[in-house]
**Student:** 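Okay, here's the structure, questions in a sec.
In each ligand, atom 1 is the first atom listed, and ligand 1 is the first ligand listed. Residues take their numbers from the sequence shown, with the count starting at 1.
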Amino acid sequence: MTRSALRICPLCEATCGLTLTVEGGRVTGARGDREDVFSKGFICPKGASFGAVDSDPDRLRAPLVRVNGELREASWSEAFDAVAAGTRPVVERYGADALGVVLGNPNVHTMAGGLYPPVLLGALRTRSLFTASTVDQMPKHVSSGLLFGDANAIPVPDLDHTDHLLLIGANPLESNGSLCTAPDFPGRLKALRARGGRLTVVDPRRTRTARLADRHLAIRPGTDALLLAAMATTLFEEGLADLGRLAPHVERLPELRSALAEFTPETVAPACDLDAPLIRTLARELAAAPTAAVYARIGSCTVPHGTLASWLVDVLNVLTGNLDRPGGALFPLAATDRLRPAGPGRGFALGRWHSRVRRLPEAKGELPLSALAEEIDTPTPGGEPVRALLVVAANPVLSAPDGRRLDKALAGLDFMVAVDPYLNETSRHAHVVLPPPPPAQSPHHDFAFNTLAVRNQVRYTRPAVPLEDGLMAETEIHARLILALTGRHGADPAVVDATVIGQTLDRAVEDPDSPVHGGDSRALAARLTGVDGPERRLDLMLRLGPYGDGFGARPGGLTLARLMDHPHGIDLGPLASRLPQPLRTPSGRIELLPGPIADDLPRLGAALRERPAGLVLVGRRHLRSNNSWMHNVPALTGGSNRCTLHIHPDDARHLGVRDGADVRVTGAGGEVVAPAEITEDVRPGVVSLPHGWGHDRPGTRQRHAATAPGVNVNQLLDGSLLDPLSGNAVLNGVPVAVDPLDTPVAAAPGS
Ligand SMILES: Nc1nc2c(c(=O)[nH]1)N[C@H]1C(S)=C(S)[C@@H](COP(=O)(O)OP(=O)(O)OC[C@H]3O[C@@H](n4cnc5c(=O)[nH]c(N)nc54)[C@H](O)[C@@H]3O)O[C@H]1N2
Ligand SMILES: Nc1nc2c(c(=O)[nH]1)N[C@H]1C(S)=C(S)[C@@H](COP(=O)(O)OP(=O)(O)OC[C@H]3O[C@@H](n4cnc5c(=O)[nH]c(N)nc54)[C@H](O)[C@@H]3O)O[C@H]1N2
Ligand code: SF4
Ligand SMILES: [Mo]
């Protein structure tokens, strides 16, 4: 029998609503849900391959437990017994920090990843926490923490209303957007242009997004902070800074001006490889536009000045009066957000503890993923290395610097647990692998991405097909893991959700600002609906949230039941001004020049004078891929989705590199060999390799991926290059050497 079922797509940050075709418990088709309140029918090739992603025959369908060195299928109870037996002695003997936790990207794409890791980490109290954030957006969290007092208060560009978008180091035509959840990002950019708006793209590559723009600036990698600082100075010098209604909410404006004074279009132009008059024009255009937004992503974060660039993005939004106004950059308000009353907060602290080996500061409770290998393999006096590791939805052997070292380090662990549907480069080292079900069998709500969406809306989809025999819901896997890792192995997993609900309500009834203040928390808990713990927790968050019914205090407000009556979601309106409510700084205002930022500016000053010779490497994403885990789906591989080194014709000629021939790329962490693809899509001096490849290690089970393994670009890194404030890895603008492997066809004269 054929039926259809709705499912929010978890395959990128755009969160499109899909209509799945289901035949006999199997997804056989996917199309965009035209009635979805947010995505309105949009779908991309990845979403269209949802069925193939779901039914990949290499997905694990039973837990694996290592016996005499070999991974063997086991029952769930054997697997959790092994987890408890393997981890508890480590914690009891060596302390909490000896058990490390690694959380990867898909955790923000699953309900389980939104609901349980905070509970686990609260109970474990390990300082050995590493996540994909430190190879991604940690600089943005740090800049938001310092500017606004809340690391999660991230303004998003008002794509649908802005008159002017300055888009930096992002390629939403392939990535479909990041820290800016917008189904059909490409269509929204086209609409911006169609209504007479301007799009400027800053990217060393001529990407598909750059081709759509009014103007493309092929900046030298790693220098966006200089460009943005010079734009800010231009605004000050030319009297164009106009904060408008933001003025009373801002601290240290004069200090900002003098701190940035040395960065002028003329001083930064040589380092950025841009013309000074053009930089002035950019600043003037930004100021002149009726509304404008500066938005920057991966290319601005994963660089040596990632936090400064992230900070300057919002500085420019403030200086042009565009922060927190429609058409500018606004703070979304998600249905599960907690609205606290405006007023001074505790602010954001950095470096409350340090990593053991390199003494790197924590940020947002995390240590840099680049330090994971050394925290395992390097003893230090008086400190315990990480001896046991829980890895949830992460493949750091490919996604983090120096996978070879990490690979060895993981092999030396006393015990490792992986929650992963695949046996891949990382999970192959686990002693226990706990496979979650495929996405069609899981419920979905976007806890993370609704707080970053260009429109406030709320959607929930139940599993589209029932859980297959032998599989366990990922939410239950998490709940059981929490029990097994914290000495309560064997207890009823429902206890985990019940405890969270009880504690949340106990706090709410004590809170004078809560709609349930003075109520009876047990009676309130009994009123929650939902078929299981995760649904009841969602109901609780919705009801206590900014649009919630407050358990009757706000009749007609949001509840899970009401949301279930709207299978295509509920639109909660366009983004609106919210200041000063989101601010949590000690001053209760925007701290325009936070201390740690001011202290980091001399390093940016030094970058004015540095201009290393030689090639630098940047990354790229392909529309039909997703980091390291989608190369196993035949429908999404092949064609232009290949692991090749993009190199400009001038550089190719100079080096004697032929199109299609193998080249050796050498970096601080090692070398890789990949075919060259000569293209004017990269600027001279820059080469590009995609990440997430290198599927040639033994002991993995991704058979299709292994047929075209590609190479691991992150092997070119040794993990030493970090943005110091955030601990974020430098993945872009990395110096490399390129040599042809075949005999050059005689270099062109004059090259
Ligand atoms: N050179 C370079 N390196 C990069 C980047 C770059 O631009 N350049 N980008 C960085 C960025 S932005 C990120 S976010 C990281 C990503 O790096 P990681 O966080 O390591 O993510 P993935 O490589 O996508 O691996 C995700 C893992 O989750 C598993 N998985 C998939 N679905 C599920 C699920 O539903 N549940 C569970 N439990 N597991 C699941 C997959 O099998 C895979 O093992 O890579 C970073 N690395
Ligand atoms: N199809 C697909 N979609 C994805 C993913 C995927 O792997 N594939 N990954 C998802 C994830 S985890 C994330 S975080 C997002 C990322 O989303 P985006 O940030 O849009 O990611 P990229 O496509 O890598 O775009 C980064 C751009 O920065 C440019 N760049 C490199 N260095 C610099 C620099 O120094 N300055 C400037 N100005 N630009 C630079 C690169 O050339 C590249 O075009 O995408 C998500 N969506
Ligand atoms: S754009 Fe992203 S969320 Fe939308 S269908 Fe494609 S992969 Fe899924
Ligand atoms: Mo990411």
**Student:** For ligand 1, find each of its N or O atoms that sits under 3.5 Å from a protein N or O atom, and tabulate the pairs with distances to one decimal place.
**Tutor:**
residue, atom, partner, partner atom, Å
ligand 1, 1 (N), Asn714, OD1, 2.7
ligand 1, 3 (N), Asn714, ND2, 3.1
ligand 1, 7 (O), Arg621, NH1, 3.1
ligand 1, 9 (N), Arg621, NH2, 3.1
ligand 1, 9 (N), His691, NE2, 3.4
ligand 1, 17 (O), Ser399, OG, 3.2
ligand 1, 19 (O), Asn105, N, 2.7
ligand 1, 20 (O), Asn395, N, 2.8
ligand 1, 20 (O), Ser399, OG, 2.7
ligand 1, 23 (O), Ser628, N, 3.1
ligand 1, 23 (O), Ser628, OG, 2.6
ligand 1, 28 (O), Ala393, O, 3.4
ligand 1, 36 (N), Glu474, OE1, 3.0
ligand 1, 36 (N), Glu474, OE2, 3.4
ligand 1, 38 (N), Val419, O, 3.1
ligand 1, 38 (N), Glu474, OE2, 2.7
ligand 1, 42 (O), Asp420, OD1, 2.7
ligand 1, 44 (O), Asp420, OD1, 3.2
ligand 1, 44 (O), Asp420, OD2, 2.6
ligand 1, 44 (O), Asn424, ND2, 2.6
ligand 1, 47 (N), Ser399, O, 2.9

**Student:** Given 3.5 Å as the limit, does a donor-acceptor pair link the side chain of Thr131 with the main chain of Ser133, or not?
**Tutor:**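 Present.
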**Student:** Using a strict cut-off of 4.0 Å, indicate which atoms of ligand 2 neighbour a heavy atom of His622.
**Tutor:**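 Answer for ligand 2: 1 (N), 2 (C), 8 (N).
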**Student:** Do any N/O atoms on Val303 end up under 3.5 angstrom from N/O atoms on ligand 2?
**Tutor:**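 Checking ligand 2 against Val303, no N or O pair falls under 3.5 Å apart.
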**Student:** Is Gly733 near ligand 2, meaning one of its heavy atoms is under 4.0 Å from it?
**Tutor:**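 False for this residue.
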**Student:** Going by atom type alone, with no hydrogens or angles, which donor-acceptor pairs under 3.5 Å involve a side-chain atom of residues 108-115 and a protein atom two or more places apart or on another chain?
**Tutor:**
residue, atom, partner, partner atom, Å
His109, ND1, Pro10, O, 3.1
Thr110, OG1, Gly113, N, 2.9

**Student:** Taking distance alone, with N or O pairs closer than 3.5 Å, would you say Gly177 contacts ligand 2?
**Tutor:**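 There is no such contact.
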**Student:** Below 4.0 Å, non-hydrogen atoms only: which portion of Val202 touches ligand 2? Side chain, backbone, both or neither.
**Tutor:**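 Contact part for Val202 vs ligand 2: both backbone and side chain.
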**Student:** If only atom types and distance count, is the side chain of Arg7 paired as donor or acceptor with the main-chain N or O of Gln441 below 3.5 Å?
**Tutor:**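 A pair under 3.5 Å: no.
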**Student:** With nothing but distance in play, are any N or O atoms of Asn171 less than 3.5 Å from an N or O of ligand 2?
**Tutor:**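 By distance alone, the answer is yes.
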**Student:** Salt bridge (charged side-chain N to carboxylate O under 4.0 Å, His left out), that's the test. Do Lys140 and Asp314 meet it? Break it down for me.
**Tutor:** CA-CA 10 Å; Lys140 195 72 203 172; Asp314 288 323; 3.0 Å; yes
**Student:** Sort out for me which residue in Arg211, Arg208, Arg205, His646 forms a side-chain hydrogen bond (donor to acceptor under 3.5 Å, both in side chains) with Asp681.
**Tutor:**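 Looking at Arg211, Arg208, Arg205, His646, the match for Asp681 under the side-chain hydrogen bond (donor to acceptor under 3.5 Å, both in side chains) is Arg211.
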**Student:** Start with the C-alpha gap between Asp407 and Arg428, add the side-chain angles, then the distance that decides, and say whether salt bridge (charged side-chain N to carboxylate O under 4.0 Å, His left out) holds.
**Tutor:** CA-CA 10 Å; Asp407 199 41; Arg428 73 188 182 113; 2.9 Å; yes
**Student:** With rounding to the nearest 0.5 angstrom, report the OG1 to NE2 distance, Thr15 to His444.
**Tutor:**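 Atom-to-atom, Thr15:OG1 and His444:NE2 are 7.0 Å apart.
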**Student:** Provide the number and element of each atom of ligand 2 under 4.0 Å from a heavy atom of Ile168.
**Tutor:**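 In order of number, 38 (N).
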**Student:** Between Phe130 and Pro368, which heavy-atom pair has the shortest distance, and what is it?
**Tutor:**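 Nearest heavy atoms, Phe130 then Pro368: CD2-O, 3.3 Å.
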**Student:** Could you list which atoms of ligand 2 come closer than 4.0 Å to a heavy atom of Arg205?
**Tutor:**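 Near Arg205, meaning under 4.0 Å from one of its heavy atoms, ligand 2 has 41 (C), 42 (O), 43 (C), 44 (O).
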**Student:** Looking at ligand 2, does any of its N/O atoms fall within less than 3.5 Å of an N/O of Arg220?
**Tutor:**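 No, there is no polar N/O contact under 3.5 Å.
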**Student:** Within the 4.0 Å heavy-atom shell around Asp224, which atoms of ligand 2 are there?
**Tutor:**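 Per the distance check, 34 (C), 35 (O), 36 (N), 37 (C), 38 (N).
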**Student:** Out of all atoms in ligand 2, which are within 4.0 Å of some heavy atom of Gly222? Include the element for each.
**Tutor:**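 Result: 34 (C), 35 (O).
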**Student:** Using a 4.0 Å cut-off to any heavy atom of Asp203, which atoms of ligand 2 qualify?
**Tutor:**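 Selected atoms, number and element: 27 (C), 28 (O), 29 (C), 39 (N), 41 (C), 42 (O), 43 (C), 44 (O).
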**Student:** Tell me every residue that passes side-chain contact (heavy atoms from CB on, under 4.5 Å) with Asp273, counting only those two or more places apart in sequence or in another chain.
**Tutor:**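 With neighbours one apart ignored, the set is Arg220, Arg611, Arg683.
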**Student:** Please identify each residue that fulfils side-chain contact (heavy atoms from CB on, under 4.5 Å) with Pro421, with sequence neighbours left out.
**Tutor:**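 Listed in chain order: Arg59, Pro436.
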**Student:** Near Pro221, which atoms of ligand 2 are under 4.0 Å from a heavy atom of that residue?
**Tutor:**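 It comes down to these atoms of ligand 2: 34 (C), 35 (O).
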**Student:** Compare every heavy atom of Asn632 with every heavy atom of Gln702, then report the nearest pair and how far apart it is.
**Tutor:**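 Between these two residues, the closest heavy atoms are C-OD1, 3.0 Å.
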**Student:** Which ligand 2 atoms are under 4.0 Å away from a heavy-atom of Thr207?
**Tutor:**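 It comes down to these atoms of ligand 2: 44 (O).
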**Student:** Verify whether one side chain among Ser442 and Glu474 offers a donor that lies under 3.5 Å from an acceptor in the other.
**Tutor:**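 Judged by distance alone, the side chains do not pair up.
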**Student:** As a test of understanding, state which of Thr134, Thr307, Thr302, Asn728 forms a side-chain hydrogen bond (donor to acceptor under 3.5 Å, both in side chains) with Asp723.
**Tutor:**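 It is Thr307; the other options fail the test.
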